[in-house]
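This report refers to the structure that appears directly beneath it.
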Amino acid sequence: MKDKLVLMIPGPTPVPESVLSALGRHPMGHRSADFSTILARVLEDLKWLHQTANDVLVLTASGTGTMEAGIVNFLSPGDRVLVCCNGKFAERWADMCDAYGLDAERIHGPWGKALDPEAVRRALEADTAKRVKAVIVTHSETSTGVINDLETLSRHIKAHGTALSIVDAVTSLGATSVPMDAWGLDVVASASQKGYMMPPGLGFIAVSPKAWKAYETAKLPKFYLDLGKYRAEAAHHTTPFTPAINLIFGLQVALQMMQEEGLDAIFARHSRHKTAIREAVRALGLSLYAGDDAAASPAVTAVTTQPVAAETLRSHLRKHFDIALAGGQDSLEGKIVRIGHLGFTNDRDILTVISALEASLAALGYNSFAPGAGISAATQNLAT
Ligand SMILES: *Cc1c(COP(=O)(O)O)cnc(C)c1O
């Protein structure tokens with residue numbers, strides 16, 4: 001049915017009506033005082049979301065462009081970096097390091113499990129010559145539904161002394177606490193179409209004083225993504241190049257909504273939804289690709305659908321219930337479906353997706369659960 005499709009993919013995510021209305025205003029000049037007033041407010045609110053006193057800069061870019069900024073601004077050709085690799089997005093960052101001629105060492109961990117922080121600690125302790133300039137961590141690995149232990153990883157990175165932490169927080173920021181200052185993170189990248197309740201188009205990058213120091217000697221080429229320019233202009237509540245003005249209008253409203261809800265309530269909501277979905281999936285006799293609850297992403301849940309074919313199930317949900325789920329990537333294609341539950345998601349959305357999942361499984365001939373088992377498990381966990 002037209003206009004009924006609900007996105008339950010891990011980005012883009014649903015956008016509230018009030019944000020959509022704000023996007024639809026006439027643009028204003030980006031050098032006007034009116035725009036500066038809006039940007040000033042947005043930049044302050046972004047610091048609140050990142051729990052930081054550091055600069056948080058806004059780019060017109062997707063998450064990948066923002067991570068690229070996180071690499072080219074702080075590193076030089078040939079620099080040694082460690083890349084925590086336990087999923088598809090992490091591999092993208094390793095490939096990006098290769099493209100820029102960095103000496104990227106991949107620390108591999110099995111997909112579907114959190115990366116062992118000890119492996120990173122050992123690699124950093126072995127680096128007595130202090131050649132490692134950065135450790136790249138994907139906090140919430142969207143391809144597998146795993147959250148890595150960023151707090152512990154950051155502790156090990158800080159103990160090294162030299163290396164910066166460069167964090168992909170694209171599906172963790174706005175879904176769970178990423179306290180930049182308390183954890184001592186150096187570079188934190190995210191994007192509007194994930195936890196921000198916004199369409200795609202804006203990237204956010206927060207930068208610590210230690211990273212700004214590295215910026216002074218970093219030699220990788222940069223121009224549009226030169227964060228020094230963004231920092232200088234942000235001090236005057238403007239941007240070096242024409243920003244996506246209408247997206248900033250929307251962002252102002254979205255951040256206001258987030259403040260009204262409060263950080264703790266936002267994180268509790270994501271946590272409740274994660275648990276409700278996981279318990280429902282178990283009650284339906286399916287398995288979770290990331291089986292360990294402690295390593296479960298607050299934003300996305302990957303479900304192994306065997307014996308039902310993942311793509312058949314996904315098409316069924318889309319065709320009969322107007323719900324879009326994501327499929328698996330790479331070797332996981334056809335093996336899992338991924339349910340996105342970040343951003344503008346409420347308890348009703350969770351009950352809806354679980355009901356539709358139950359109905360679809362039954363329609364496809366998978367009946368090894370008592371009718372209502374998934375909904376019952378979800379309801380119990382939503383009520384708490
Ligand atoms: C969505 C996502 C990105 C960003 O991808 P873009 O398509 O470039 O916005 C990066 N990392 C993770 C973990 C993501 O989920």
Side-chain angles (χ1 to χ4, degrees), residues 1-25 41-42 45-46 48-50 58 62-63 66 139-140 142 145 147 169-178 190-204 244 246-278 280 296-302 317-318 321-326 337-357 378 381-382:
M1 187 191 268
K2 189 170 180 286
D3 288 345
K4 257 302 188 191
L5 185 70
V6 176
L7 290 179
M8 291 201 80
I9 59 178
T13 61
V15 179
E17 203 65 43
S18 49
V19 173
L20 289 173
S21 312
L23 295 171
R25 290 173 56 185
R41 177 64 197 273
V42 160
D45 292 352
L46 286 169
W48 165 81
L49 181 62
H50 286 73
V58 183
S62 84
T66 311
H139 188 197
S140 164
T142 313
I147 191 146
V170 176
T171 51
S172 59
L173 210 95
T176 190
S177 190
V178 188
S190 58
S192 56
Q193 79 275 25
K194 304 292 177 96
Y196 287 84
M197 308 189 289
M198 284 273 296
L202 293 178
F204 309 96
N246 287 55
L247 289 177
I248 306 265
F249 296 159
L251 179 63
Q252 185 187 18
V253 174
L255 286 166
Q256 178 73 42
M257 282 179 69
M258 290 170 108
Q259 295 207 320
E260 279 160 19
E261 185 175 2
L263 284 183
D264 290 344
I266 293 171
F267 304 151
R269 172 166 57 81
H270 283 82
S271 174
R272 185 168 78 239
H273 292 169
K274 167 192 75 178
T275 305
I277 289 179
R278 292 174 70 82
S297 166
V300 54
T301 301
L317 271 126
R318 168 131 196 172
F321 298 101
D322 298 289
I323 297 176
L325 302 183
V337 296
R338 292 175 300 146
I339 305 172
H341 40 90
L342 81 161
F344 189 51
T345 303
N346 68 3
D347 289 13
R348 180 187 57 191
D349 296 322
I350 303 305
L351 285 181
T352 304
V353 75
I354 294 302
S355 312
L357 185 62
N381 284 283
L382 291 173

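Side chains are part of it too, since the values below use all heavy atoms of this structure and drop only hydrogens, waters and symmetry mates.
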*Quick one: pull up CZ in F344 and CZ in R269 and give me the separation to the nearest 0.5 Å.*
8.5 Å
*asked:* I need the minimum non-hydrogen distance between A175 and A299, along with the two atoms involved.
replied: CB-CB, 4.5 Å
*L46 versus Y196: any side-chain heavy-atom pair under 4.5 Å?*
yes
*Taking all non-hydrogen atoms of both residues into account, name the closest pair between W48 and L263 and its distance.*
CZ2-CG, 3.5 Å
*Can you measure from OG (S271) to CD1 (I266) and round to the nearest 0.5 angstrom?*
13.5 Å
*Which heavy-atom pair separates S190 from L173 by the least distance, and what is that distance?*
OG-CD2, 3.8 Å
*Quick one: are L23 and L247 in side-chain contact, heavy atoms under 4.5 Å?*
yes
*What pair of heavy atoms forms the shortest contact from A169 to H139, and how long is it?*
CA-CB, 4.4 Å
*Hey, could you give me each pair passing side chain to side chain donor-acceptor pair (under 3.5 Å) that has a residue in residues 343-357? Not counting sequence neighbours.*
R272-D347, H273-D347
_Working to the nearest 0.5 angstrom, can you tell me the gap between L49 CG and D45 CG?_
9.0 Å
_R318 vs L5 side-chain heavy atoms within contact, under 4.5 Å_ = yes
_Student check: side-chain heavy atoms of V353 and L325 closer than 4.5 Å_ = yes
_Taking the side chain as everything from C-beta on, heavy atoms only, tell me whether T142 gets closer than 4.5 Å to V170._
no
*Between M198 and A254, what is the shortest heavy-atom contact and its length?*
CG-CB, 4.1 Å
_Distance, nearest 0.5 Å, that separates CG of N381 from CD1 of I277_ = 11.0 Å
_Main chain of F267, side chain of T176: is a donor-acceptor contact present, judged purely on distance under 3.5 Å?_
no
*S62 to A191 - nearest heavy-atom pair and separation*: C-CB, 4.4 Å
_Sidechain-backbone polar pair: N246 side chain, R25 backbone, donor-acceptor under 3.5 Å_ = yes
*Using a 4.5 Å cut-off on heavy atoms from C-beta on, say whether the side chain of V19 contacts that of L251.*
no
*Please lay out, stage by stage, how H341 and T301 fare under the test side-chain hydrogen bond (donor to acceptor under 3.5 Å, both in side chains).*
CA-CA 8 Å; H341 40 90; T301 301; 2.7 Å; yes
*asked:* Please check: side-chain N/O of S140 versus main-chain N/O of I147, any donor-acceptor pairing under 3.5 Å?
replied: no
*Determine yes or no for a side-chain-to-main-chain donor-acceptor pair under 3.5 angstrom, with R41 supplying the side chain and Q252 the backbone.*
no
*Interatomic distance, L342 atom CG to I9 atom CD1 [nearest 0.5 angstrom]*: 10.0 Å
